[in-house]
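In what follows, a structure is listed as structure tokens, so that the remarks can point back to it.
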Number of protein chains: 2
Amino acid sequence: MLSIAEENYIKRLVYLSLENGAGDGVGTNELATGLQVKPSTANDMLKKLRQKELIDYEKYGKIHLTELGTKIGMEIIRKHRLWETFLYEKLEFTWDEVHEVAEQLEHIQSEKLVEKLDKFLGFPKFDPHGDPIPNQAGEMQLLAKKMLAAVNVGEQCKMVAVKDNSAVFLNYVVELGLGINNQIEVLSKQDFDDSMEIRINGKTNRVSKKFAQNIYVIAD
Amino acid sequence: MLSIAEENYIKRLVYLSLENGAGDGVGTNELATGLQVKPSTANDMLKKLRQKELIDYEKYGKIHLTELGTKIGMEIIRKHRLWETFLYEKLEFTWDEVHEVAEQLEHIQSEKLVEKLDKFLGFPKFDPHGDPIPNQAGEMQLLAKKMLAAVNVGEQCKMVAVKDNSAVFLNYVVELGLGINNQIEVLSKQDFDDSMEIRINGKTNRVSKKFAQNIYVIAD
DNA sequence: TAATAAAGTTAGTTTAATCTAACTTTTAAT
DNA sequence: ATTAAAAGTTAGATTAAACTAACTTTATTA
């Protein structure tokens, strides 16, 4: 069984592998930064994880998760997202509060707990941030998510997730009356600063480029 | 903030203090045995906990929790029993499965989580084992749980827990129409074999001494 | 009450996860 | 193509929580 520290390294590796795309692999410094540890610390842990056959890499080379490592990582993400859903749906936590507590809950070891929780929540497919929840086999729906900034004038879309999970950003989102699965229509764009006018539930707002680059949508 | 190890020592000290009664204090070996560590390990931790003013003791003397130590201990027990209740009531865990998982969940740090969970469960006063759940202030109903076998003829009581968790026993309990919080009236006792006649929901049954020694009740 | 057992303590070691500082390899830029 | 910067590694130190072995104090009992 893995320690909490080991689980955190594996989880971060899954996220970074997805971000970097395809078989690009992950770097030591990148990983260390993401975990807020020094590269030397990450390096030590990487040796241990390779020993346990959860990752694969050569000295000075990129890190890749093995099949086993990926499976374990997906389980942790599954737990994280199920707990986020629980906190949001059942305990009235807000969007920005769920993450921190889920970071702790994701390390609880009990297969039965995860499956019962999943059932209790009605087998949700997405968490409150709109991110897909992996199933028991570690598979998850990849929805063709894109940035709001990439939507053309006159088109409609549906918000599915946010990129930035900070409290300041999420508060702003809520203030705009925007939530998961809400429709957004792009009314106009300014070439000068890439700000855009959008309509949410009949209400029109102007949002910045930075904002539009932190909202994930799907075509609608 | 306390580490999981520190929390486990404090929790065990609360239980042992209650068991030993009044101001008797707890011994190092007793504590070490309860936590499945060596006395020397416990001794080191005790120094740290004294440093943090959670306990009070002199070299070679008995250990007493301070007011702060007791408060923290009761919070951990509160969390443990709320989680047990959650697992039992909401996730269909059985009586004997809840403890192990609650041992992990009790260490999650989030005041909001505890209070929201309490509310979600409808502010329960007892956990699935019939043990009282401390309130936010750390106070709990001290119910003098006793064996059904110890109830006098003519008295009424309420079942709060079972001692034996075996399937054969639990099946028998169910067959008798007995469940948690059910009233039981002791109608008569046979001095010969200590069997007793009891009334459950208007139905009268004769049960053995062995049975009566495996049902916990409180006066009613 | 003296001897022995039980309880408690100390000193020194181990392991996991972190750090700093110094070093090596790879990558990028002039 | 050299060299400087970035990325990655190694060595040695630290802290928390555990251990063993040896020791001291307190309690028991013959």
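Within every chain, numbering begins at 1; the chains are lettered A, B, ... in the order of the sequence lines, protein sequences first and strands thereafter. Only a predicted model underlies this, so the values are computations on that prediction, with no experimental measurement involved.
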### Task
Provide, to the nearest angstrom, the distance between the CD atom belonging to A:Gln51 and the C1' atom belonging to C:dT15.
15 Å

### Value rounded to 0.5 Å, distance of OG1 in A:Thr66 from OH in A:Tyr57
13.0 Å

### Task
Would you tell me if any nitrogen or oxygen in the side chain of B:Tyr57 comes within less than 4.0 Å of OP1 or OP2 on C:dA7?
no

### Task
Starting at atom CG of A:Asp44, determine the distance to atom P of D:dG8, rounded to an integer number of angstrom.
15 Å

### Query
Can you tell me how far P of C:dC19 sits from CG of A:Leu35, to the nearest Å?
10 Å

### Query
To the nearest Å, how far apart are A:Met1 CE and C:dA16 C1'?
15 Å

### Under-4.0 Å side-chain N/O to phosphate OP1/OP2 contact, A:Ser40 with D:dT9
no

### B:Tyr60 side-chain N/O to C:dT10 phosphate OP1/OP2 under 4.0 Å
no

### Task
Take atom CG of A:Leu49 and atom C1' of C:dA16, then tell me their distance rounded to the nearest Å.
13 Å

### Task
Check whether any side-chain N or O of A:Lys47 sits under 4.0 Å from OP1 or OP2 of D:dT9, and answer yes or no.
no

### Task
Can you tell me the distance, in whole Å, between the NZ atom of A:Lys59 and the C1' atom of C:dT25?
9 Å

### Query
Within the distance-only criterion (no hydrogens, no angle test), does the side chain of A:Glu100 pair as donor or acceptor with the backbone N or O of A:Glu97 below 3.5 angstrom?
no

### Task
In whole angstrom, give the distance that lies between atom CG of B:Leu46 and atom P of D:dA18.
12 Å

### Message
Whether B:Asn43 contacts C:dG8 is assessed here as follows: a side-chain N or O lying under 4.0 Å from the phosphate OP1 or OP2. Is that the case?
### Response
no

### Summary
salt bridge (charged side-chain N to carboxylate O under 4.0 Å, His left out) with B:Glu6: of B:Lys52, B:Arg50, B:Arg12, only one passes, and it is B:Lys52

### Query
With side chains defined as the heavy atoms from C-beta onward, is the minimum distance between A:Glu92 and B:Lys116 less than 4.5 Å?
yes

#### Entry: Under-4.0 Å side-chain N/O to phosphate OP1/OP2 contact, A:Lys62 with D:dA7
no

### Query
Do the side-chain N and O atoms of B:Asp24 and B:His64 include a donor-acceptor pair separated by under 3.5 angstrom?
no

### Message
So, OP1 or OP2 of D:dA16: does either fall under 4.0 Å of a side-chain N or O from B:Ser3?
### Response
no

#### Entry: Distance in angstrom units between A:Gln36 CD and C:dT18 P, rounded
12 Å

### Task
Please state whether the base of C:dT9 and the side chain of B:Thr28 form at least one donor-acceptor pair under 3.5 Å?
no

### Message
Taking the minimum atom-to-atom distance to the side chain of A:Tyr9, which one of C:dT18, D:dC19, D:dT9 wins?
### Response
C:dT18

## Note on the structure
Of the candidates D:dC19, D:dA18, C:dC19, the side chain of B:Lys38 sits closest to D:dC19

